[in-house]
Chemist: 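Here it is, the structure in full.
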Amino acid sequence: MDPIEIGLWVSGGMLLMVVLGMRVAFAAAMAGLIGLIWIFWAKKGMEWDQLGWALTVAIKTAGQVPHSKVSSQTLSLIPTFILIGFLAYYAGLTKAIFESAKRWFAWVPGGLAVSTVFATAGFAAVSGASVATAAVFARIAIPEMLKIGYNKQFAAGVVAAGGTLASLIPPSAILVIYAIIVEQDVGKLLLAGFIPGAFSAVVYAVLIIGIAMIWKNVGPPVTGFTWRERFAALPAALPIVAVVVIIIFFVYNPFGDAWGTPTEGGAVGAFIVFCMAVFRGMRLAELKDALLETAKLTVMIFTIIWGVLIYVRFLGFADLPGAFADWISSLETSPMLILICILLAYAVLGMFMDAIGMLLLTLPVVYPAVMALNGGEFVSAADSAFGMSGPMCAIWFGILVVKMAEFCLITPPIGLNCFVVAGVRPDLSVQDVFRGVMPFFVADAVTIGLLVAFPQIVLWLPSLAG
């Protein structure tokens, strides 16, 4: 049996383990180790007296992965970004930004829902975790909407969908993970997420206004805020603006050299939010909770990375990514049609897997294929299939797949944000939340379609960074 066949059998077995309910991290690590043993044993002719040698070499190969990859300084971005979000919650910044958004946007049809979307987008700019964003605003925004007569399913859907914006708007843990897996510039990817993230929020807001205008009882507007009250609410939300500006200037300074690395920007941002939380009266117990929650989420993400990287090491020995890329490039079909089929496959796969695990498992195979479709890693824009250079294609595809990961956070039966909202609100069932997010599938489909049709929405900011 050749390495490609071994790769296909092992990958099929891993997907079966995931479908049967095994955690992605453990399924990937087990499949990777078994695959390495199988490949090394096959090189020795599958002789039984060589099985021990194959087992020893496979364990040594797999054992090198966690330290060699996870010791990368770039990964230190993940805990700092997550910590910013939890500290912002304890600093009261979530309530401040929601109150500010409410005073400015609540007067439009579906105003509180629109305010919630813009508030989640603002909070996403200091939080790298979609689940945390959904949990926080389920506590803050849903009671406000129910109080004035919003449909409870619609209110829950707004929060679950709004929470997904944290996947795209920097600081984003998923964008960092994508950059590490495909070995691209983290700073440019973070820059690329700003405009598509804001664009997604605007599309959500337009959808909400349209629904509220058609069905008057879904989301009544809130009026009565004076201009003085609106401006008075802005200073409390300024720390979020400050953190966003700092991270941007550490990633890309439009007036000169960047202030530092994205990692340093995340650390400075966390320190600023920590100072703000202390100033606003954060207690020691709350600091402990923030640190523990950050540690739990970080360990979960790193465990998935460890397991999947063992699987990725096996894929390298099996040469499955190269074979898949060659097969994709040989198809006599439009590259754009193939790309759309890949995105649709992500939509289906996301119904059964969590976002991070899905990207980590598929990117080692799918990314080389997409780059081959465009003409290769080093192709120029003039010679490419998608009209962009290799590095720009890597950034564009990264935003597309992260947007698909957002979509998967609200699709049944695994939509994690929906389970989080239902868990925080005992008066809501998971079915209520899934019904509430259905209109947002349309909004996400429109956003993804526009990002595919107009790549400059994604590429304009990173192109300024050179």
Chemist: Run the salt bridge (Lys or Arg N to Asp or Glu O under 4.0 Å) test against Asp185 and tell me which residues pass, sequence neighbours left out.
Modeler: none
Chemist: Give the minimum heavy-atom separation between Ile310 and Ala29, together with the two atoms involved.
Modeler: CG2-O, 3.9 Å
Chemist: Measuring from Leu234:CG to Glu99:CD, what's the distance to the nearest 0.5 Å?
Modeler: 11.5 Å
Chemist: Between OG1 of Thr298 and CD1 of Ile82, what distance do you get to the nearest 0.5 Å?
Modeler: 4.0 Å
Chemist: Are Thr120 and Phe123 packed together at the side-chain level, in the sense that at least one heavy-atom pair is separated by less than 4.5 angstrom?
Modeler: no
Chemist: Could you list the residues that satisfy side-chain hydrogen bond (donor to acceptor under 3.5 Å, both in side chains) with Asp289, not counting sequence neighbours?
Modeler: none
Chemist: How far apart are the C-alpha atoms of Ile181 and Leu309, what are their side-chain angles, what is the distance that settles it, and do they pass the side-chain contact (heavy atoms from CB on, under 4.5 Å) test?
Modeler: CA-CA 9 Å; Ile181 292 294; Leu309 284 177; 4.1 Å; yes
Chemist: Can you give me every donor-acceptor pair (side chain of residues 189-208, partner residue at least two apart or in another chain, under 3.5 Å) with its distance?
Modeler:
from	atom 1	to	atom 2	distance (Å)
Ser200	OG	Pro196	O	2.9
Ser200	OG	Lys403	NZ	3.1
Tyr204	OH	Asp444	OD1	2.7
Tyr204	OH	Asp444	OD2	3.2

Chemist: Just jot down the side-chain hydrogen bond (donor to acceptor under 3.5 Å, both in side chains) partners of Glu293, sequence neighbours excluded, or say none.
Modeler: none
Chemist: Let me know which of Val433, Leu428, Ile142 forms a side chain to side chain contact (heavy atoms under 4.5 Å, CB included) with Lys152.
Modeler: Leu428
Chemist: Once side-chain contact (heavy atoms from CB on, under 4.5 Å) is applied, do any residues pair with Thr362, and if so which ones, sequence neighbours excluded?
Modeler: Tyr346, Leu349, Val366
Chemist: Run the side-chain contact (heavy atoms from CB on, under 4.5 Å) test against Ala27 and tell me which residues pass, sequence neighbours left out.
Modeler: Met14, Met17, Val18, Met22
Chemist: May I ask you to decide if Met371's main-chain N or O and Glu377's side chain share a donor-acceptor pair within less than 3.5 Å?
Modeler: no
Chemist: Listing request: all ring pair (Phe, Tyr, Trp, His ring centres under 6.0 Å) pairs with a residue in residues 262-286, at least two apart in sequence or in separate chains.
Modeler: none
Chemist: Enter the distance from Met438:CE to Ile410:CD1 here, rounded to the nearest 0.5 Å.
Modeler: 11.0 Å
Chemist: Distance from Ile399 atom CD1 to Leu451 atom CG, nearest 0.5 Å?
Modeler: 8.5 Å
Chemist: Does any part of the side chain of Ile140, heavy atoms only, come nearer than 4.5 Å to the side chain of Lys95, both counted from C-beta?
Modeler: yes
Chemist: Do the side chains of Leu175 and Val186 get nearer than 4.5 Å, heavy atoms only?
Modeler: no
Chemist: Mark yes when over 12 heavy atoms from residues, nucleotides or ligands other than Phe454 sit less than 6.0 Å from its CZ; otherwise mark no.
Modeler: no
Chemist: Where do Phe137 and Val158 land on the side-chain contact (heavy atoms from CB on, under 4.5 Å) test, with the steps shown first?
Modeler: CA-CA 10 Å; Phe137 281 91; Val158 168; over 6 Å; no
Chemist: Does Phe397 reach the side chain of Leu339, with side-chain heavy atoms less than 4.5 Å apart?
Modeler: yes
Chemist: Which donor-acceptor pairs under 3.5 Å do the side chains of residues 412-424 make with protein atoms, sequence neighbours left out?
Modeler:
from	atom 1	to	atom 2	distance (Å)
Asn417	ND2	Ala160	O	3.1

Chemist: Any heavy-atom pair between the side chains of Pro143 and Arg425 that's under 4.5 Å?
Modeler: yes
Chemist: Enumerate donor-acceptor pairs with a distance under 3.5 Å from any side-chain N or O in residues 384-393 to protein atoms, sequence neighbours excluded.
Modeler:
from	atom 1	to	atom 2	distance (Å)
Ser384	OG	Ala381	O	2.9
Ser384	OG	Gly387	N	3.0
Ser384	OG	Met388	N	2.8
Ser384	OG	Met388	O	3.0

Chemist: List the residues meeting salt bridge (Lys or Arg N to Asp or Glu O under 4.0 Å) with Glu144, not counting sequence neighbours, and say none if there are none.
Modeler: Lys102
Chemist: What closest approach, in Å, do Leu315 and Pro364 show between heavy atoms, and which atom pair accounts for it?
Modeler: CD1-CB, 4.0 Å
Chemist: Contact between Ile177 and Leu359 at the side-chain level, heavy atoms closer than 4.5 Å - yes or no?
Modeler: no
Chemist: Take Met282 and Leu87, measure what side-chain contact (heavy atoms from CB on, under 4.5 Å) needs, and give me the verdict at the end.
Modeler: CA-CA 9 Å; Met282 180 179 67; Leu87 289 175; 4.1 Å; yes
Chemist: Taking everything shown except Met213 itself, do over 12 heavy atoms lie less than 6.0 Å from its CE?
Modeler: no
Chemist: Tell me, which pairs form a ring pair (Phe, Tyr, Trp, His ring centres under 6.0 Å) where one or both residues lie in residues 144-189, sequence neighbours left out?
Modeler: none
Chemist: Identify the two heavy atoms, one from Val159 and one from Ala141, that lie closest to each other, and give their separation to 0.1 Å.
Modeler: CG2-CB, 4.3 Å
Chemist: Can you sort out the partners of Thr411 under side-chain hydrogen bond (donor to acceptor under 3.5 Å, both in side chains), two or more places apart, ordered by chain and number?
Modeler: none
Chemist: Which distance, rounded to the nearest 0.5 Å, do you find between the CE of Met145 and the OG of Ser115?
Modeler: 9.0 Å
Chemist: Nearest 0.5 Å, what's the CG-CD1 distance between Leu363 and Ile180?
Modeler: 12.0 Å
Chemist: Taking atom CZ as the centre, does Arg230 end up with more than 12 heavy-atom neighbours from other residues, nucleotides or ligands that are less than 6.0 angstrom away?
Modeler: yes
Chemist: Would you say the ring centers of Phe231 and Trp104 fall short of 6.0 Å from each other?
Modeler: yes
Chemist: Are any of the side-chain heavy atoms of Ile211 and Pro439 separated by less than 4.5 Å?
Modeler: yes
Chemist: Answer with yes or no whether the side chains of Gln184 and Tyr367 bring together a donor and an acceptor at under 3.5 Å.
Modeler: yes
Chemist: Take Ile148 and Leu112 through the test side-chain contact (heavy atoms from CB on, under 4.5 Å) and record every step on the way to the result.
Modeler: CA-CA 9 Å; Ile148 65 166; Leu112 272 185; 3.4 Å; yes
Chemist: Would you name the heavy atoms of Ser167 and Leu409 that are closest together and state the gap between them?
Modeler: OG-CD1, 3.5 Å
Chemist: At their closest point, which heavy atom of Leu83 faces which heavy atom of Ala270, and how far apart are they?
Modeler: CD2-CB, 4.4 Å
Chemist: Taking all atoms of both residues into account, what is the closest heavy-atom pair of Gly32 and Phe314, and its distance?
Modeler: O-CB, 3.6 Å
Chemist: Check whether any side-chain heavy atom of Arg103 sits under 4.5 Å from a side-chain heavy atom of Thr226, and report yes or no.
Modeler: no
